[in-house]
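What follows is one structure encoded as C-alpha cells, with my remarks underneath.
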Amino acid sequence: MESHADHARTFDVVIIGSGAAGLTAALALGETLKVAVLAKGGLTGGSTAWAQGGIAAVLDEGDTFEEHIRDTVIAGAGLNRRETVELVVERAPHAIRRLVDLGVPFNTEGNALHLTREGGHSHRRIVHVNDATGHAVQQALLRAAEANPNITLLPGRSCIDLITGRHEQRYSGSGRVWGVYALNEETGHVEAFTARATVLATGGAGRVYQFSTAPRGATGDGISMAWRAGARVSNMEMMQFHPTCLYNLEVKNFLITEAVRGEGGRLVNPRTGKRFMAFYDPDRMELAPRDVVARAIDSEIKRFGLDYVHLDISHQPEAFVKEHFPNIYEKLLTLGIDMTREPIPVVPAQHYTCGGVVIDLDGRTDLPGLYAAGECTESGLHGANRLASNSLLECFVFGEAAAAHILSHWTAFDAPPSVMPWDESRVSEPDEEVVIKQNWTEIRRFMWNYVGIVRTTKRLERAMHRIQLLNTEVEEYYRHFRVSTDLIELRNLLQSADLIVRSALKRHESRGLHYTLNFPQTDDEPVDTILVP
Ligand code: FAD
Ligand code: SIN
C-alpha cells in the first residue's frame with residue numbers, strides 16, 4: 001500500500017511509463033497491489049498513442065503461429081531468440097481479446113476482425129482501428145487504469161535515476177533497485193518513489209536522430225537509467241528506419257503507415273516515374289521488410305540526387321482510400337496533398353529502437369527488483385529488425401509477463417529501505433538552457449549523418465569522438481546545475497547515442513538494420529551485441 005516513510009512516497013510497485021507496456025503491467029498488478037504509474041509530461045505522450053498500422057496476431061483460419069514466427073525471424077535476420085518469438089506470437093490472440101474486452105473498437109468485416117497487411121507479413125494479420133490504432137488502444141488502457149482505485153497515475157514526473165542498493169543519487173555498479181528519483185515538473189522539486197518492485201516502460205530512443213517518427217520524449221531515458229544502474233543492454237545498433245515518413249518542410253515527423261503499401265501503395269522514383277523496388281527485391285517489392293525498403297529508398301535518393309520518393313495509392317478507388325486511411329487522408333489534405341489523386345512525397349526516418357535493456361521471458365532485467373517491458377527492452381523478439389506491428393504486441397505480452405512474475409513471487413520481495421533525499425542545493429545558470437538546446441541539436445545531427453541507414457567505421461568513429469567531447473560538458477552541467485526535463489533528456493540522449501555507436505562499432509558484419517560499407521558480409525552465426533556496464 002502507499003505510505004510516506006521519510007520523504008519518499010512508497011508503493012508496492014512503481015511503473016515508469018504510461019504507454020502500452022506500462023499500463024498493461026499496471027492493470028494486471030492493480031488487481032491486488034498498490035501501483036504508481038509515473039509519466040514524463042502527459043499520460044499520452046509516448047509512442048503508443050501515435051501508432052497507426054495496428055497489432056499483429058494470427059486470427060485468420062488460413063494463417064498459423066509457425067508462419068508468424070517465420071516472418072518475424074526472417075525480418076529479424078536470424079538474430080531473434082526463438083523462445084521469445086514463440087511466446088509473443090502464441091500469446092497474441094489472447095492480447096487482442098483482452099483489448100476487445102477493454103473496449104478497443106477494432107475494425108470488423110462481417111463477424112470477424114478486419115485484418116490488414118504490412119511489409120514482411122506473409123498473411124493478412126494486422127488488427128487495426130482505421131489508421132489510428134494507437135490512439136484507441138491508449139485511450140482504452142487509460143480509461144481502465146483511471147477506473148482502478150489501486151492505480152495512482154502521476155503525470156508530470158521526469159524520472160532521473162533509479163534508486164539502487166547503495167542509495168546513491170548517481171550510481172554506477174549493480175544492485176537491488178528500490179524505485180526512482182523523479183523531477184516534479186510542476187514544483188521543480190525532486191521526489192523519491194520507493195517500491196518493492198520497479199517496472200521500466202519508458203519507450204525508445206528515436207529522438208537521438210534528427211529525423212524520427214517518434215514523439216519528443218523518446219530520449220532513451222529508461223535504457224540509460226538501467227545502464228547507469230548496472231543492467232546490460234544489447235543490440236542498440238539496430239535502430240529501425242521506417243521507409244515512409246512524409247517529406248514536408250513544416251511537418252517533419254508524420255508517418256505514412258506501412259498499411260498503405262499493404263493495401264497496394266507503390267513506391268515510385270519521381271525522376272524516372274518507375275517503381276524501383278523491382279530493382280531491389282523483385283519478389284516482395286513494396287512489402288519487403290523495412291530495412292530492405294528503407295535502404296532501397298535511401299539508395300534511390302542518393303543515386304538520383306532526390307529529396308524524396310513517391311508513395312502512390314491513387315490507383316485505388318477514392319472511397320477505398322478514404323475508408324482505410326481517414327486520418328492520413330485528412331492530415332495530407334491540410335497540407336495540400338490529395339492522396340486519392342496524387343502521390344505522397346516520402347523519406348525514411350528513424351522509427352523504432354530494436355535494442356534495449358536485456359530482459360528474460362518474465363520481463364526481469366539483470367538487477368533484482370527491476371523489470372522492464374516494451375520498446376525500452378531487448379527481449380529477443382525483434383532481432384536485427386522488427387517486423388511491422390509486432391511492437392505493441394510485445395508491450396502487451398511483456399507488460400503482463402512482468403506483472404505475473406511479480407505477483408507470483410510477491411512474498412519474496414522485501415520492503416524498501418529509507419533512502420537519501422535528492423540534493424536540492426544546486427541552482428540553475430541563466431545560459432544553461434541555450435547550451436542544452438544546442439547540444440540536443442548537435443547530437444541529433446551527427447547521429448543522422450554518421451550513424452544512419454548506411455554506416456562506415458570512419459563515420460562511427462567520428463560520432464564517438466563527438467560523443468566523448470559532449471559527455472564532459474553534459475556531466476558538468478548535470479553535476480553543477482539544477483535538473484530540468486531538458487537536461488535529464490540531454491544526458492540520456494547522449495548516453496543512448498554512446499550505446500548505439502559503441503554497439504555499431506562492435507558489429508563487424510552487416511545484418512538487418514546495421515549496414516556498414518566496411519563489413520558488407522553477413523556472418524554465419526548471429527551474435528547479440530551485448531554491452532556490460
Ligand atoms: P511508449 O508508448 O513510448 O511510452 C513511454 C512512456 O514512458 C511514456 O508515458 C513516457 O512519458 C514515459 N517516460 C519516458 N521517459 C520517462 C522518464 N524519464 N520519466 C517518466 N516517464 C518517462 N507499433 C506497432 O506495433 N504497430 C503500429 O502500428 C505502430 N505504429 C507506430 C507509429 C508511430 C508514429 C510510432 C512512433 C511508433 C509506432 N509503433 C507501432 C511502435 C509502437 O508504437 C511503440 O513501440 C510502442 O507504443 C511503445 O510502447 P511503450 O509502452 O514501450 O512506450
Ligand atoms: C506503421 O503503421 O507503418 C507502423 C507500424 C509499426 O511500426 O509496426
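For ligands, and for the atoms within them, numbers begin at 1 and follow the listed sequence. Numbering of residues begins at 1 and proceeds along the displayed sequence.
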At under 4.0 Å between heavy atoms, is it the side chain or the backbone of T244 that contacts ligand 2, or both, or neither?
neither

Side chain or backbone of Q240 under 4.0 Å from ligand 2, or both, or neither, by non-hydrogen atoms?
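It is neither; nothing of Q240 touches ligand 2.
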
Does either side chain, that of [X] or that of [Y], offer a donor lying less than 3.5 Å from an acceptor on the other one?
X	Y	value
H128	T133	no
Q240	D291	no
S122	D71	yes

Taking distance alone, with no angle check, do [X] and ligand 2 share an N/O pair under 3.5 Å?
X	answer
N390	no
R386	yes
A259	no

Residue [X] vicinity, atoms of ligand 2 by number, heavy atom under 4.0 Å:
X	value
E258	1 (C), 2 (O), 3 (O)
S389	6 (C), 8 (O)
A388	8 (O)

Contact residues of ligand 1 (heavy atom under 4.0 Å), by chain and number:
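The 4.0 Å shell around ligand 1 contains I16, G17, S18, G19, A20, A21, L38, A39, K40, G46, S47, T48, W50, A51, Q52, G53, G54, R157, S158, C159, A201, T202, G203, T213, A214, D221, L255, H351, Y352, G374, E375, R386, S389, N390, S391, L392, C395.
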
